[in-house]
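Report on the following structure.
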Amino acid sequence: MANETVFERYAGNPVVIASAVPRANSIHNPAIVKRGEGDYAGVFRVDEISMDFVLHVGFSRDGIHWDIDPEPARIESDDPDVFVSNFSYDPRLTLLEGTYYLTWCNAGPQGPKIGLATTKDFKTFTQGEDLLPPANRNCVVFPRKINGKYAIFHRPSDRGHTPFGDIFYATSPDFVHWGAHRFVFGPMGGWQSLKTGPGPAPIETDEGWLLIYHGVWRSCNGYLYYIGGALLDLDKPWEVLYRTKDYLLAPTETYERVGDVPNVCFPSAAVMEPDDTLRLYYGCADTCVSMAEAKLSDVVQFIKTHSF
Ligand code: BMA
């Protein structure tokens with residue numbers, strides 16, 4: 001297949017399409033975790049036939065065939081001032097200290113902001129205060145504390161189709177107060193020359209934190225979304241060790257090129273499988289969900305040998 005270097009697309013892509021949910025116009029950009037053999041759970045972005053953006057939970061035994069709840073996820077708070085917006089999109093999930101942390105873009109009239117909820121069973125989610133105020137569109141939680149603090153990558157933005165995108169690192173002692181923001185990296189030449197943003201939860205490797213991210217190139221016809229990877233220092237994750245100059249995946253298949261927003265590969269979930277296999281889930285053309293696999297060691301090696 002065109003442009004495959006390390007990741008090999010699943011031959012049955014796309015794995016989830018809009019017909020999985022009665023009210024869906026499209027389903028894409030999912031957060032997915034593997035809870036054990038034969039037990040996958042996810043939170044999917046569903047753009048409804050009203051074009052409200054809502055989150056739906058799904059379950060799967062093989063990570064390929066999914067049952068998506070026809071009703072939106074039950075994300076609840078005792079505080080009426082803490083609520084899920086009807087413009088909720090791009091969830092990310094991280095298992096941290098035995099609890100799943102869900103972050104998503106909980107956009108409001110003041111712009112995109114980062115929502116936060118936790119769950120242990122994916123049946124109900126307890127919503128907390130928004131993790132970050134406007135304008136911020138991407139946030140993912142690290143799977144462990146770093147130097148005694150909780151840690152995130154996030155991506156400040158504007159209210160619109162943000163023509164910039166730099167990834168920042170921040171920490172918190174209590175998951176409430178976030179600070180010590182450090183610039184990690186931003187746009188560089190080629191396919192990532194307009195903006196960048198963090199994808200799935202960082203994966204700890206011997207060579208540093210693996211961050212799979214999206215990079216955007218602006219052509220005369222609009223934005224194109226690509227998938228890249230970076231290795232970041234384990235103790236100082238704002239320090240970039242290596243970062244792909246060549247992309248890991250680009251929109252070339254019909255289901256990546258054609259849809260509500262054409263030419264989009266948007267990485268949002270990564271699952272480790274037996275035999276060092278990394279399974280990457282990504283949204284395609286803001287319309288459906290696809291999957292690609294690679295050996296984790298090959299991804300790390302590719303990033304090291306195809307870096308700036
Ligand atoms: C980004 C996000 C994603 C989307 C992408 C392409 O800004 O909104 O949800 O997949 O644009 O439209």
Side-chain angles (χ1 to χ4, degrees), residues 13-18 21 24-32 42-48 51-56 84-93 102-108 110-115 132 134-140 153-168 186-187 191-200 212-219 221-228 247-253 255-270 280-292:
N13 278 347
V15 292
V16 191
I17 60 174
V21 179
N25 162 81
S26 57
I27 182 166
H28 55 112
N29 300 6
I32 289 171
V43 177
F44 293 73
R45 165 177 171 178
V46 171
D47 299 359
E48 295 191 318
M51 286 314 266
D52 285 339
F53 295 178
V54 295
L55 303 177
H56 283 240
V84 178
S85 99
N86 61 355
F87 209 55
S88 283
Y89 56 97
D90 297 357
R92 314 285 204 280
L93 275 169
L102 177 72
T103 50
W104 76 98
C105 185
N106 195 26
Q110 294 75 36
K113 54 189 172 56
I114 302 299
L132 293 172
N136 203 302
R137 196 169 257 120
N138 298 280
C139 177
V140 65
F153 283 133
H154 67 99
R155 215 292 301 278
S157 69
D158 65 14
R159 289 189 190 193
H161 298 293
T162 319
F164 58 87
D166 300 294
I167 298 173
F168 284 79
W191 55 271
Q192 49 194 320
S193 52
L194 184 70
K195 49 181 172 174
T196 57
I212 296 179
Y213 64 97
H214 68 262
V216 181
W217 174 60
R218 179 161 49 194
S219 80
N221 253 343
Y223 295 172
L224 289 85
Y225 282 69
Y226 301 79
I227 300 177
Y247 55 66
L248 289 168
L249 272 182
T252 53
E253 301 307 299
Y255 52 84
E256 298 161 347
R257 287 213 181 270
V258 179
D260 278 7
V261 181
N263 299 309
V264 174
C265 289
F266 192 87
S268 49
L280 179 68
Y281 292 92
Y282 61 104
C284 298
D286 284 13
T287 297
C288 56
V289 176
S290 285
M291 190 272 277

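From a predicted model like this one, the values you see are computed outputs, not experimental measurements. Index from 1, following the sequence. Just follow the structure's listing: the first ligand is 1, and inside any ligand the first atom is 1.
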**Contacts of type side chain to side chain donor-acceptor pair (under 3.5 Å), residue Y226, not counting sequence neighbours** = none

**Asked** If every non-hydrogen atom of T252 is compared with every non-hydrogen atom of E256, which pair is closest and at what distance?
**Response** N-OE1, 3.0 Å

**Message:** Can you report which non-hydrogen protein atom sits closest to atom 10 (O) of ligand 1, along with the distance?
**Reply:** D286 OD1, 2.5 Å

**Fill in**
Nearest heavy-atom approach of V140 to R92 is CG2-CB, 3.9 Å

Let me check something: any side-chain donor-acceptor pairs from residues 285-292 under 3.5 Å, sequence neighbours excluded? List them with distances.
unit_1: T287; atom_1: OG1; unit_2: D260; atom_2: N; d: 2.9
unit_1: T287; atom_1: OG1; unit_2: A285; atom_2: O; d: 2.7

**Request:** Examine the side chains of D90 and N29 and answer whether a donor and an acceptor come within less than 3.5 Å of each other.
**Result:** yes

**Request:** Measure N29 to ligand 1 on non-hydrogen atoms and call it side chain, backbone, both or neither using the 4.0 Å cut-off.
**Result:** side chain

**Item:** Nearest candidate to atom 7 (O) of ligand 1, where distance is taken over non-hydrogen atoms, out of Y225, Y223, F266
**Value:** Y225

**Asked** Below 4.5 Å, heavy atoms only, C-beta onward: do P187 and L194 meet side chain to side chain?
**Response** no

**Prompt:** Non-hydrogen atoms of R45 versus ligand 1: any pair closer than 4.0 Å?
**Reply:** yes

**Asked** Short list, please: which atoms of ligand 1 are under 4.0 Å from a heavy atom of V261?
**Response** 12 (O)

**Asked** Quick check: does D90 get an N/O under 3.5 Å from an N/O on ligand 1?
**Response** yes

**Prompt:** Under 4.0 Å from any heavy atom of Y89, which atoms of ligand 1 are there?
**Reply:** 8 (O)

